[in-house]
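Because only heavy atoms are used, hydrogens play no part in the values below, and waters and symmetry mates are left out as well, while side chains stay in. Residues: numbered from 1 along the sequence shown.
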Amino acid sequence: MNVIAKTTGLAPFLRATATAVSNGGTSVAATGKVSKPKVAVLPAVKRTLGQTIYQDLLTGATCISSGVSVTTHVHQKRLAHTDVQWPDFTDYRREEVKDPTVQSSKSAASRKGATYLVAAGASVGGVYAAKMIVHEAVGILSASADVLALSKIEVKLDSIPEGKSAVFKWRGKPLFVRHRTDSEIAKESKVDVTSLRDPQEDSARVKDPKWLVIMGICTHLGCVPIANAGDFGGYYCPCHGSHYDASGRIRKGPAPLNLEVPQYEFMEGNILVVG
């Protein structure tokens, strides 16, 4: 057995067994019984100081056991963080909840009211700040006075003969100014607006029956219609086949709305100001 103990990884255990048999063992043939080795039972470890678990966490255990049959009493003390105290939030607590004998539910309404008041004040302040930011951003991004002055166009109506439509550029878009004849005015005023896709009276689209001022952009996909063309003698969009009458109202085709009427005024000297 000693030889096996020297050559295997169980050497310490087998060596201890061989020693126990050789010293205190009794042969099975003599007694007829197998002797059991005695196991030493260690006494329970007792605290040397009456301290709490929280103190154990700060300073460590006061008693430790090591070895098989040896109990060593070591008083451990950490060398760092020994001055840490339990945090006290009394200064941050409300007066209503400092007394442990009073139920906090009794003061819940007043505490919620204060919280809601603070939240409402913060919300109002945030909305006001957002309004100021948006106002400043719009002021910066909006057009200046000189740019707005250029946004108007003056048209001399004397240069447009009766029955013709002139095209001008306004704000980067085509502008149609049509000098209508008496027959066109009479024809458009008799149209039944209930049959139109976008019903509008002719009188609601013009300030002077002789002059029609509209934007030359088709309301379907933004194409530029052709003047004095189409099935109704007004405007025709060759891209998708939208037909407008001499009042700029959609009469046939895919366009959903009438041609847009911009803001304009008639000035002295037979001058039209658009914008």
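- Contact of the V134 side chain with the K131 side chain is not registered, since no non-hydrogen atoms from C-beta on lie closer than 4.5 Å.
- To the nearest 0.5 angstrom, R251 atom CZ is 13.5 Å from S242 atom OG.
- Scanning both residues, K152 and W170, for their nearest heavy atoms gives CA-NE1, 4.0 Å.
- In terms of hydrophobic clustering, with Ile, Leu, Val, Met, Phe, Trp and Tyr side chains grouped at heavy-atom distances under 4.5 Å, V177 and Y236 are assigned to different clusters.
- The pair K190-D202 fails the salt-bridge criterion, with no side-chain N (NZ, NE, NH1 or NH2) lying under 4.0 Å from an Asp/Glu carboxylate O.
- At a cut-off of 3.5 Å, with distance as the only test, no side-chain donor of N258 or R197 sits close to an acceptor on the other residue.
- A cation-pi contact, defined as under 6.0 Å to the ring centre and within 45° of the axis, links K207 to Y264.
- Ring-plane geometry between F176 and Y235 is classed as parallel, the angle between the planes falling under 30 degrees on a 0 to 90 degree scale with a further cut at 60.
- Ion pairing between E184 and R178 holds under the 4.0 Å rule for side-chain N and carboxylate O.
- The aromatic rings of F232 and H243 stand perpendicular to each other, their planes meeting at an angle above 60°, with 30° marking the opposite boundary.
- For K156, the NZ atom sits in a loose shell: 12 or fewer heavy atoms of surrounding residues, nucleotides or ligands are nearer than 6.0 Å.
- More than 12 heavy-atom neighbours from other residues, nucleotides or ligands sit within 6.0 angstrom of CD on E162.
- Side-chain contact between L175 and P262 is present, with heavy atoms from C-beta onward closer than 4.5 Å.
- Shown here for L196 and P199, the closest heavy-atom pair between the two residues is O-CD, 3.8 Å.
- Here D198 does not pair with R249 in a salt bridge; the nearest charged N to carboxylate O distance is not below 4.0 Å.
- Taking hydrophobic clusters as Ile, Leu, Val, Met, Phe, Trp and Tyr residues chained together by side-chain heavy-atom distances below 4.5 Å, I250 does not share a cluster with V193.
- Rounded to the nearest 0.5 angstrom, S165 OG and R180 CZ are separated by 11.5 Å.
- Linking ILVMFWY residues whenever their side-chain heavy atoms come closer than 4.5 Å, directly or via other members, places V213 and V224 in the same cluster.
- Looking at E260, its side chain never comes within 3.5 Å of a backbone N or O of M215 through a donor-acceptor pair.
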Next item on the list: Determine, step by step, whether H179 and L157 satisfy the side chain to side chain contact (heavy atoms under 4.5 Å, CB included) criterion, reporting the C-alpha distance in whole Å, the side-chain angles of both residues, the deciding distance to 0.1 Å, and the verdict.
Entry: CA-CA 8 Å; H179 192 176; L157 300 179; over 6 Å; no
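- Scanning all heavy atoms of the two residues, the minimum distance from P225 to I217 falls at CD-N, 4.2 Å.
- Note that CG of D182 is 14.5 Å distant from NZ of K187, once rounded to the nearest 0.5 Å.
- The shortest distance between side-chain heavy atoms of Q200 and R205 falls below 4.5 Å.
- Summarising the geometry of T219 relative to A255, their closest heavy-atom pair is OG1-CB, 3.4 Å, with the distance given to 0.1 Å.
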Next item on the list: Output, in order, the C-alpha distance, side-chain angles, deciding distance and verdict of salt bridge (Lys or Arg N to Asp or Glu O under 4.0 Å) for D231 and K252.
Entry: CA-CA 8 Å; D231 296 345; K252 182 180 177 181; 3.1 Å; yes
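- Under the 3.5 Å distance criterion, with hydrogens and angles disregarded, no donor-acceptor pair is assigned to the side chains of D245 and S247.
- Between L212 and A246, the closest heavy-atom pair is CD2-O, 2.9 Å.
- Of the candidates L272, V274, I153, I153 is the only one forming a side-chain contact (heavy atoms from CB on, under 4.5 Å) with F168.
- One hydrophobic cluster, built from ILVMFWY side chains closer than 4.5 Å, cannot hold both W211 and M267; they sit in different ones.
- Among all heavy-atom pairs drawn from L257 and Y244, the shortest one is O-CE2, 3.8 Å.
- For the pair I160 and V155, the minimum side-chain heavy-atom distance is below 4.5 Å.
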